[in-house]
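Since the structure comes first, as structure tokens, the remarks are kept for the end.
Below, each value reflects all heavy atoms present in this structure, side chains not excepted, and no hydrogens, waters or symmetry copies. In what follows, chains are A, B, ... by sequence order, proteins preceding strands, each numbered from 1.
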Amino acid sequence: QQPVQSPQAVILREGEDAVINCSSSKALYSVHWYRQKHGEAPVFLMILLKGGEQKGHEKISASFNEKKQQSSLYLTASQLSYSGTYFCGSRFQGAQKLVFGQGTRLTINP
Amino acid sequence: SAVISQKPSRDICQRGTSLTIQCQVDSQVTMMFWYRQQPGQSLTLIATANQGSEATYESGFVIDKFPISRPNLTFSTLTVSNMSPEDSSIYLCSVVIGTGNTEAFFGQGTRLTVV
């Protein structure tokens, strides 16, 4: 049931773009994206709902493809503050619990 | 939003002993969860803490090893029992407010080292 994220790690220069993917073998009710910096708690970024609703946060946006059971997180013109590990969390119909992917470590260099 | 206070923030324990981790929320919440995160790894759900009833455990986790209490809508505890070095990890409390498809909030975590 654990969603699969790709890539596992990304290294960018400040200002570059990145895409992080999250796919599930089980039908998703919603996908949640979180960012965690070293030694800190995960911080909520956005929720993607069934129906393909897309919600953005500053220069970070995401999409949800129900047909493919896949979500993608888009980081545009990355900033140093975007560094951290990104997790997608899957929520299935009838359940409030979140099942997280293995994470994608993003490093932004000046 | 929710402010979560988790205690202790870290501890070093002897194998064979038990540690109880507390999670206090500043508002009443519908759902409370306990996760484990090993260094550099993902968050693995241990159990859902149900108010007034037994917790619901995920596959691979059992009540005897991780007893959970949730006496009210703002507080929960997780006990790691009969610890071994394999239990060394970060334990995180998480809450969801309301019943809709809403975000989860996380405590700062408890970093546990078993020696």
Considering all heavy atoms, the nearest A/Arg91-A/His32 contact: NH1-CE1, 3.4 Å
Contact summary for A/Tyr86 and A/Leu75, nearest pair of heavy atoms: OH-CD2, 3.3 Å
Name the member of [options] that forms the most heavy-atom pairs with chain B at distances under 4.5 Å.
options	value
A/Ser30, A/Ala41, A/Gly103, A/Gly39	A/Ala41
A/Gln5, A/Lys97, A/Arg105	A/Lys97
A/Glu40, A/Gln2, A/Gln36	A/Gln36

Options B/Glu103, B/Glu58, B/Met31, ranked by heavy-atom pairs under 4.5 Å with chain A, top entry: B/Glu103
Ring-ring centroid check B/Phe106 A/Phe44, cutoff 6.0 Å: no
Cation-pi geometry met for A/Lys26 and A/Phe92 (6.0 Å, 45°): yes
Which atoms of A/Tyr34 approach chain B - backbone, side chain, both or neither, heavy atom under 4.5 Å: side chain
Proximal component of [X], with respect to chain A [non-hydrogen, under 4.5 Å]:
X	value
B/Gln108	both
B/Leu92	side chain
B/Tyr35	side chain

Distance-only polar pair, side chains of B/Ser18 and B/Thr79, donor-acceptor under 3.5 Å: no
B/Arg10, B/Gln22, B/Gln6, B/Lys7 screened by side-chain hydrogen bond (donor to acceptor under 3.5 Å, both in side chains) with B/Thr110, the one that passes: B/Gln6
